[in-house]
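Report on the following structure.
Fair warning: this is a prediction, and the values are worked out from it, not measured in the lab. Chain identifiers are assigned alphabetically (A, B, ...) following the order of the sequence lines, protein sequences preceding nucleic acid strands; residue numbering begins at 1 within each chain.
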Number of protein chains: 2
Amino acid sequence: MAIILDGKGTAAKINEATKLKANELTAQGVQPGIAVILVGDDPASQIYTRNKHRKAVNLGMKSILKKFPSSVSQDEILNEVEKLNQDDSIHAILIQLPLPAQIDATTVTNAIDPKKDVDGFSSVNLGKLFGNQAGNYPVACTPKGIMTILREYKIDLSGKDVVVVGRSVLVGRPVAALMINQDATVTLAGIKTNNLKALTKTADIIVVATGVANLISGNDLKEGAVVIDVGINRGEDGKLTGDVDFESASKVASAITPVPGGVGPMTIATLMQQTVELAQWSINNGK
Amino acid sequence: MAIILDGKGTAAKINEATKLKANELTAQGVQPGIAVILVGDDPASQIYTRNKHRKAVNLGMKSILKKFPSSVSQDEILNEVEKLNQDDSIHAILIQLPLPAQIDATTVTNAIDPKKDVDGFSSVNLGKLFGNQAGNYPVACTPKGIMTILREYKIDLSGKDVVVVGRSVLVGRPVAALMINQDATVTLAGIKTNNLKALTKTADIIVVATGVANLISGNDLKEGAVVIDVGINRGEDGKLTGDVDFESASKVASAITPVPGGVGPMTIATLMQQTVELAQWSINNGK
């Protein structure tokens, strides 16, 4: 039976450290501040942004939420981003996705000052990551959270054969880059990959981020594989399941993240952690 | 016996088209212009920059070469880059690598206006590529040249299993990104990958860019694989060889680039092609 990679517990430890660090910075006169831009009234986005706001306040940070109606123009959002770029009390800016059709996510994301781009989605930060640049820069929170949980459980990447299923800019690509940068041999695959399940059986470590419930089962894994399940799918019964069939996979894997309680809690904990890091780096002038 | 992927011939075709396009732009009052910054007196760099200069002039472009002694400071290079960024007659800026120790290649590369970054090495352009952004932006010339030669020979990437051996920012990473963006299943490996040769045997298409002469032989390939050899290594006998043993590999592969005459000529042809594209995009405001 696999070790359960406890994201909830790890996130709690990260949050504890974030709170201490936030208090320390506040005592130095630099309270970490995060601003979230929310457009429209998508119920899931409203829940996510409310949770982020509560968590930030709870950890001792400044948090502001800028709400816009779904009819807002792209220029209005760009103006708001520019104001927040100039606001010294804000170290982290996040634009909640998805956005309505009249707003181009790439354009508004790239308008965020790269030093405040807490989601790490802007081209320049993605390029630094993919180019394995030295120095401090923000990285997408879910991938960064995955690396934290692997480090927490002392799972080394160097020389490992990794398969990442899912090519998104939010998860698949940056987690592949992070692992390449740690000298893993990484295959970036998608649900349309030929013989996907022959490929996944070769992986020492597999990351699945497709949004397809139960895509990967125990039969598709190498004995002893480490399984990172990024999927969060709600079944007809209302129950959450991942992209991996936990029951069969946990009999073959050596370690596995559960859903819920695995990668999910790490994402928001990493967002908070990275807000504090951005505040710290702003003092140190990026060092 | 494999088809020989004729880089020299393909490069000649590209150059012909580049010359026509350069003349067309010049007739419109926008002669494409490239500036090369050369630091120190490395003999190989001197030959490369001279070849680039001659080729650019030969194709009807403006070409300027800015030479600096190896003792030059980073600030002097940054000043020169800024001048060239402001110079409307220059559409492409290239800093010849390697640079002396007192100059940080990442810093000076990132100082180039991304719209003039003809090598595509700056973080923002690397990020656009890795994020598969729409629109026009420069891409590293060797990887882009590899894609051109594959297209020339109607070798489709979609759904193919690709192995890239070599994780450099100049070749391995961007070529992997280009192929991911065309829906290939790409594994980015290095010479330290476990069981590298078991891995290379799974590839429909293999790109080798390691600088290790004859690293891959016919025994390491799948029957019918397409082989792209980026290596240029000079043997003790003065003969050039690639990272692939051509003789044995060409008996197993369905298609293969020779060394010399394969990827090499595509790099400089792509540099010229991209200079003209940057000039064209500057007129169209990036469209």
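F121(B) meets the ring-ring contact (aromatic ring centres under 6.0 Å, His included) test with no other residue; sequence neighbours excluded.
The CD atom of Q133(B) lies 5.0 Å from the CG atom of N110(A); values are rounded to the nearest 0.5 Å.
Among the candidates N181(B), T202(B), V163(B), the residue making the largest number of heavy-atom pairs closer than 4.5 Å to chain A is N181(B). Ranking V164(A), D183(A), L129(A), D161(A) against chain B, the residue ahead of the rest is D183(A), based on heavy-atom pairs under 4.5 Å. Chain A forms the most heavy-atom pairs under 4.5 Å with one residue out of N125(B), V162(B), L126(B), T106(B), and that residue is L126(B).
Applying the 6.0 Å contact sphere to CG of L78(A) captures more than 12 heavy atoms from other residues, nucleotides or ligands.
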Steps toward side-chain contact (heavy atoms from CB on, under 4.5 Å) verdict (V169(A), N132(B)): CA-CA 8 Å; V169(A) 178; N132(B) 196 18; 5.5 Å; no

Steps toward side-chain contact (heavy atoms from CB on, under 4.5 Å) verdict (L188(B), I180(A)): CA-CA 8 Å; L188(B) 188 50; I180(A) 289 165; 3.6 Å; yes

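Of residues 190-199 of chain A, those residues lying under 4.5 Å from chain B by any heavy-atom pair are T193(A), N194(A), L199(A).
In this structure, the portions of V124(A) lying under 4.5 Å from any heavy atom of chain B include both its backbone and its side chain. In this structure, no portion of A176(B) lies under 4.5 Å from any heavy atom of chain A.
A donor-acceptor contact shorter than 3.5 Å links the side chain of R173(B) to the backbone of F130(A).
Nearest heavy-atom pair across R167(B) and A184(A) is NH1-O, 2.6 Å.
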